[in-house]
Amino acid sequence: QVQLEESGGGLVQPGGSLRLSCAASGSIFKIYRMAWYRQASGQTRDLVAAITSSGSTNYKDSVKGRFTISRDNAENTVYLQMNSLAPEDTAVYYCNALVGVVSGTQSRQYNYWGQGTQVTVSS
């Protein structure tokens, strides 16, 4: 079993910053990709940012230049640095990981989700 533990959410004023963290633990052979998604009230869950094991990144258009995703491969941890936050960024943010898990002598890929952390941007 693999667990994703998120932290760093909270209430922040417009223009402020937050840093989200997500640590993966369990029987992990390799993490191929880690990502952050968000879901605002009444909206769909959308990709915010993703990073592969090689370091390639991609971002939702509306967060480009404001958010930065990074990872510490040795610690199986992904971060999302969020700057210049706006009310439109208010949402529950979910960590996601595509993980290789060893079962016996073979490895298979599984998709895991964190429970979500609330980010609220308001005056």
Side-chain angles (χ1 to χ4, degrees):
Q1 183 64 263
V2 174
Q3 299 84 39
L4 302 180
E5 297 184 8
E6 299 145 323
S7 63
L11 175 64
V12 65
Q13 292 185 335
S17 298
L18 285 174
R19 187 189 188 218
L20 305 183
S21 299
C22 175
S25 61
S27 301
I28 300 171
F29 174 71
K30 183 178 181 179
I31 300 180
Y32 296 97
R33 174 186 183 269
M34 299 191 79
W36 289 96
Y37 291 74
R38 71 186 184 188
Q39 186 168 17
S41 180
Q43 305 297 314
T44 58
R45 185 175 299 186
D46 294 333
L47 175 70
V48 178
I51 185 167
T52 69
S53 58
S54 65
S56 297
T57 60
N58 64 283
Y59 296 90
K60 179 181 176 70
D61 285 344
S62 62
V63 310
K64 289 179 179 177
R66 300 189 297 123
F67 292 8
T68 302
I69 189 170
S70 61
R71 65 185 291 178
D72 183 341
N73 291 340
E75 300 294 333
N76 292 331
T77 300
V78 65
Y79 306 94
L80 185 67
Q81 179 66 47
M82 304 186 294
N83 299 325
S84 301
L85 284 163
E88 307 88 80
D89 298 313
T90 296
V92 178
Y93 285 69
Y94 296 90
C95 180
N96 171 269
L98 181 63
V99 178
V101 178
V102 175
S103 299
T105 60
Q106 300 188 39
S107 177
R108 298 186 65 184
Q109 295 182 4
Y110 296 90
N111 201 35
Y112 290 92
W113 291 92
Q115 67 178 5
T117 183
Q118 177 71 48
V119 171
T120 302
V121 185
S122 176
S123 299

Can you give me the closest heavy-atom contact between [X] and [Y], atom names plus distance?
X	Y	value
G9	L20	N-CD2, 3.5 Å
C95	M34	SG-CE, 4.2 Å
S17	Q81	CB-NE2, 4.0 Å
Q118	V92	OE1-CG2, 3.3 Å
Y93	E6	O-OE2, 3.7 Å

For the pair [X] (side chain) and [Y] (backbone), establish whether a donor and an acceptor sit closer than 3.5 Å, ignoring hydrogens and angles.
X	Y	answer
R71	A35	no
D72	V78	no
Q109	L98	no

(request) Take the angle between the ring planes of Y94 and W113 and call it parallel below 30°, perpendicular above 60°, tilted in between. (result)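 The rings of Y94 and W113 stand perpendicular, inter-plane angle above 60°.
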Is any side-chain heavy atom of [X] less than 4.5 Å from a side-chain heavy atom of [Y]?
X	Y	answer
R19	Y79	yes
Y110	V2	no
F29	R108	no
V121	E88	no

Below 3.5 Å, can you tabulate the donor-acceptor pairs from side chains in residues 57-64 to any protein atom, sequence neighbours excluded?
{"unit_1": "Y59", "atom_1": "OH", "unit_2": "I69", "atom_2": "N", "d": "2.9"}
{"unit_1": "D61", "atom_1": "OD1", "unit_2": "K64", "atom_2": "NZ", "d": "3.0"}

Could you grab the distance from atom [atom1] of [X] to atom [atom2] of [Y], nearest 0.5 Å is fine?
X	Y	atom1	atom2	result
Q13	L85	CD	CG	11.5 Å
W36	N96	CH2	CG	10.5 Å
T117	L18	OG1	CG	9.0 Å
L47	R45	CG	CZ	12.0 Å
S53	K30	OG	NZ	4.0 Å

(request) Say whether E5 and S7, considering side chains only, have a donor N or O and an acceptor N or O under 3.5 Å apart. (result)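 Judged by distance alone, the side chains do not pair up.
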(message) Regarding S122 and T120, do their side chains bring together a donor and an acceptor under 3.5 Å, going by distance alone?
(response)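 Per modelled atom types, S122 and T120 side chains form no pair under 3.5 Å.
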(message) Could you see if Y112 belongs to whatever hydrophobic cluster contains Y37? Use Ile, Leu, Val, Met, Phe, Trp, Tyr and a side-chain cutoff under 4.5 Å.
(response)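 They do not share one cluster, since no chain of ILVMFWY contacts under 4.5 Å joins Y112 to Y37.
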(message) Let me check something: do L80 and V12 share a hydrophobic cluster, defined by ILVMFWY side-chain heavy atoms less than 4.5 Å apart, either directly or through other members?
(response)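 Same cluster: L80 reaches V12 through Ile, Leu, Val, Met, Phe, Trp or Tyr contacts under 4.5 Å.
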(request) Might you confirm whether atom CD of Q3 has over 12 heavy atoms from other residues, nucleotides or ligands at distances under 6.0 Å? (result)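 Yes.
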(request) Could you check D89 against R66 for side-chain contact (heavy atoms from CB on, under 4.5 Å), going step by step and ending with a plain yes or no? (result) CA-CA 11 Å; D89 298 313; R66 300 189 297 123; 2.8 Å; yes
